[in-house]
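In what follows, a structure is listed as structure tokens, so that the remarks can point back to it.
In what follows, chains are A, B, ... by sequence order, proteins preceding strands, each numbered from 1.
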Number of protein chains: 2
Amino acid sequence: MARKASRPEDGARQSTIREVAEHAGVSVATVSRILSGNYPASPATRSRVMRAVKELDYVANVHARALAGSKHKSIAIIVNSVISPHYAHVAQGVQTMAAEAGRLCQIGTTGGDAERELDMVRFMREQHPEAVILVGNVNADDEYRSRMSRYAHALEAIGSRLVLCGRPPLGPDVPAVVVECDYTGGAFAATSHLLSAGHRRILFLGQRPGYTTAEARIAGYRKALAAHGVPNDPDLEVDGTFERHEGYRMTRERLDAGTPDFTAVFACNDQIAAGARQALLERGLGVPDDVSMVGFDDLPPAMDIDLTTIYQPHEELGRTAVRLALEHAENGGPPPRTVLGTHLVIRGSVRPLLPAQR
Amino acid sequence: MARKASRPEDGARQSTIREVAEHAGVSVATVSRILSGNYPASPATRSRVMRAVKELDYVANVHARALAGSKHKSIAIIVNSVISPHYAHVAQGVQTMAAEAGRLCQIGTTGGDAERELDMVRFMREQHPEAVILVGNVNADDEYRSRMSRYAHALEAIGSRLVLCGRPPLGPDVPAVVVECDYTGGAFAATSHLLSAGHRRILFLGQRPGYTTAEARIAGYRKALAAHGVPNDPDLEVDGTFERHEGYRMTRERLDAGTPDFTAVFACNDQIAAGARQALLERGLGVPDDVSMVGFDDLPPAMDIDLTTIYQPHEELGRTAVRLALEHAENGGPPPRTVLGTHLVIRGSVRPLLPAQR
DNA sequence: ATTGTTTCCGTAACCGTTTCAAGGATTTCC
DNA sequence: GGAAATCCTTGAAACGGTTACGGAAACAAT
């Protein structure tokens with residue numbers, strides 16, 4: 001109904017603000033103002049416009065709106081993978097908060113590849129979102145830093161902000177909101193827990209030189225060892241990605257190499273722990289009877305395998321990222337920065353080691 | 001560099017196509033054509049334009065492009081939750097395929113609420129994506145059907161299409177691409193597997209009247225019972241959502257009610273199975289020693305708890321949804337429809353029942 | 001040399017909003 | 001009663017692209 005006859009088309013079209021204006025007998029400017037924000041308007045006009053909107057089932061075109069107002073209510077999030085539980089939870093937090101704030105949530109994945117992350121940021125920039133949230137694990141080399149720095153400034157130029165979520169700042173020259181999580185503290189607590197139970201040789205699963213989230217954990221691990229006066233044996237730090245099958249592989253290879261030279265395991269996340277556990281069980285080693293274990297994340301697999309682990313506030317990381325970005329967009333000033341904490345969740349995968357066994 | 005002096009601002013701006021044109025000494029039309037599609041242009045002009053683009057670090061404004069070309073390269077996906085493994089995998093498939101096709105991926109969650117799903121569709125419509133993909137489990141009442149039908153037509157009107165992924169068509173009057181998955185067949189295979197192992201009293205966990213994904217499964221369950229000549233006992237069909245804690249609750253309540261009157265469990269997904277298993281273990285019932293179990297999904301928890309289950313092609317569902325939508329946008333014609341299969345994955349959670357135990 | 005084809009490129013009219021300067025209608029004040 | 005202030009409302013210029021249409025140049029054919 002009430003389609004402009006002057007523009008005949010085969011398919012129906014979305015009604016425009018002009019049609020609404022015409023229908024209500026006012027100008028487009030009036031419709032625009034009434035619809036966006038509560039601008040002074042006489043009650044009569046307002047209700048006429050509202051009725052026209054209803055009758056035509058009018059929905060504003062966001063692209064026209066974004067173009068004219070140079071602002072698109074949307075938040076972009078870039079993660080390694082949607083499947084990985086940690087990222088999924090962070091994404092859920094972002095999504096929830098974005099929805100609450102009436103923002104569209106745009107998502108992109110990188111597979112953990114720094115190059116693809118950069119391309120994704122570039123791609124997202126075209127969309128002019130209010131914020132681009134970068135989550136997680138990436139190997140930041142110099143080339144990466146310089147490109148990301150360029151992009152950060154480009155984003156700034158279009159009034160969008162970069163948010164680093166669960167990772168440290170990229171440097172003073174890279175404008176970004178930062179929402180960190182205390183991975184070093186978490187790893188310290190995990191390792192201390194094992195040390196307090198008498199363990200001395202603790203396998204570290206998930207070392208990844210260059211990757212901030214792994215490096216933060218190993219720093220905590222080493223710090224705990226030092227605090228307990230236990231010498232650090234680099235041979236106990238095993239390289240691998242944060243996936244289940246990698247946890248399995250790392251442990252398997254270790255066991256294949258000879259008799260176990262460790263009594264406990266600290267896994268960089270629960271997935272790794274689950275894989276490691278499987279490898280141990282296949283070799284007839286029980287958890288915690290033969291080997292104690294602490295994971296990281298406190299996500300689904302942890303409960304199923306009764307894993308003592310470190311909780312990190314996944315969803316809150318996402319929510320905070322959105323909140324701070326939006327606040328910063330509102331208030332301006334230097335980009336805010338915050339650090340969220342972690343804590344130990346005790347289940348049944350750690351057993352005290354008798355003095356004789358040490 | 002080369003900023004228009006006539007428009008002085010505090011912050012830097014993104015360069016426009018006009019600036020690129022000026023910089024390259026050609027018209028904006030030429031730049032536009034060279035950038036989008038391979039329009040005939042002399043190599044000299046092309047390279048001049050390309051160089052200008054590089055030098056100005058020009059990125060087209062998608063909103064302007066969408067407005068002028070009335071097309072935005074984007075795909076919207078609406079799921080219950082990003083956290084739920086099944087949805088996460090489907091979303092991963094969508095995201096992957098969308099990225100391959102150079103599309104932006106927009107995501108929204110509903111928490112399994114039909115009302116919120118409708119609102120989300122409405123919201124997504126404002127963004128003019130090429131497709132809106134609806135995944136999963138929702139209670140479709142008449143009110144829902146009628147609103148969704150309206151939205152489907154509204155989407156059609158703006159050249160966008162609705163995609164139903166992992167759920168049946170809504171009716172002949174609702175234009176939509178449909179990518180189903182054979183849940184009935186999967187449930188039939190699962191139940192048959194248990195029946196063949198001699199089980200007769202099989203608990204069905206996850207009944208949800210009105211929810212298509214649950215109803216498809218129970219249809220398969222009943223069909224298998226009938227095929228084996230086993231009478232259907234409605235009392236064995238337990239209501240609950242598809243979450244781990246619900247699996248725990250349903251089983252717990254069952255066990256609390258008296259001595260177990262079943263020898264096997266079919267869980268509507270692996271999460272439910274994991275929760276059920278925990279409840280059984282807490283009561284001293286082993287899987288599969290005391291109770292056999294088959295799940296659905298073949299996702300992470302399945303491997304950890306050595307669960308025999310039904311595989312469904314999660315990511316492929318997502319990929320297919322995007323592919324069909326894009327193909328349909330290209331070719332037109334009636335909306336395509338397809339059904340993907342499932343298959344049994346045998347692990348160690350089912351044990352044959354001795355004839356004496358039946 | 002004229003005409004017809006091709007090929008490449010430019011002009012300008014949109015796309016659907018927002019927003020600003022300015023206009024008309026009331027009310028308020030002296 | 002007229003000027004000033006106030007309140008709503010409007011026309012029109014952006015915003016940054018795409019694209020229909022047409023012109024100019026280059027080349028081939030007559």
Let me check something: any side-chain donor-acceptor pairs from residues 93-103 of chain B under 3.5 Å, sequence neighbours excluded? List them with distances.
from	atom 1	to	atom 2	distance (Å)
Q95(B)	NE2	T109(A)	OG1	3.3
T96(B)	OG1	Q92(B)	O	2.6
R103(B)	NE	E130(B)	OE1	2.8
R103(B)	NE	E130(B)	OE2	3.4
R103(B)	NH1	A101(B)	O	2.8
R103(B)	NH2	E130(B)	OE2	2.8

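With respect to the salt-bridge test (charged N to carboxylate O, under 4.0 angstrom), the residues D141(B) and R147(B) do not qualify.
Judged by atom type and distance alone, R65(B) does not reach the base of dG16(D) through any side-chain donor-acceptor pair under 3.5 Å.
The salt bridge (charged side-chain N to carboxylate O under 4.0 Å, His left out) contacts involving residues 161-175 of chain B comprise E117(B)-R167(B), where partners must be two or more places apart or lie in separate chains.
Residues meeting the side-chain contact (heavy atoms from CB on, under 4.5 Å) test with V28(B), sequence neighbours left out: I17(B), R18(B), A21(B). Residues meeting the side-chain contact (heavy atoms from CB on, under 4.5 Å) test with S27(A), sequence neighbours left out: A29(A), T30(A). With sequence neighbours excluded, the residues that form a side-chain contact (heavy atoms from CB on, under 4.5 Å) with A64(A) are N61(A), L67(B). Partners of R145(B) according to the side-chain contact (heavy atoms from CB on, under 4.5 Å) rule, which considers only residues two or more places apart in sequence or in another chain, are A140(B), D142(B), L170(B). Under the rule for a side-chain hydrogen bond (donor to acceptor under 3.5 Å, both in side chains), S149(B) has no partner lying at least two apart in sequence or in another chain.
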- Task: Go along nucleotides 6-11 of chain D 5' to 3' and tag each nucleotide: B for a protein heavy atom under 4.0 Å from its base, S when only backbone or sugar atoms are that close, - otherwise.
- Result: --SBBB
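In this structure, E19(B) places its CD atom 11 Å from P of dC15(D), rounding to the nearest Å. Rounded to whole Å, atom P of dG17(D) lies 11 Å from atom CD of E126(A). Atom P of nucleotide dT18(C) and atom NZ of K73(A) are separated by 11 Å, given to the nearest angstrom. In this structure, R18(B) atom CZ and dA14(D) atom P are separated by 11 Å, rounded to whole Å. Going from atom CG of L35(B) over to atom P of dC9(C) covers 14 Å, rounded to whole Å. Computed from coordinates, the I17(A) CD1 to dG16(C) P distance equals 11 Å when rounded to whole Å. Computed from coordinates, the H63(B) NE2 to dT18(C) C1' distance equals 15 Å when rounded to whole Å.
When each of A44(B) and A64(B) is assigned the nucleotide of DNA chain C with its nearest heavy atom, A44(B) is the one assigned upstream, toward the 5' end.
H128(B) and H63(A) have perpendicular rings, their planes meeting at more than 60° on a 0 to 90° scale where under 30° would count as parallel.
In this structure, the helix from dA1(C)-dT30(D) to dC30(C)-dG1(D) shows an angle of 50° between the axis at its start and the axis at its end, each fitted on 5 base pairs and rounded to 10°.
If you check dT17(C), dG16(D), dG17(D) against the side chain of L67(B), the one that comes closest is dG16(D). The nucleotide whose nearest atom lies closest to any side-chain atom of S32(B) is, among dG16(D), dG16(C), dT18(D), dT18(D).
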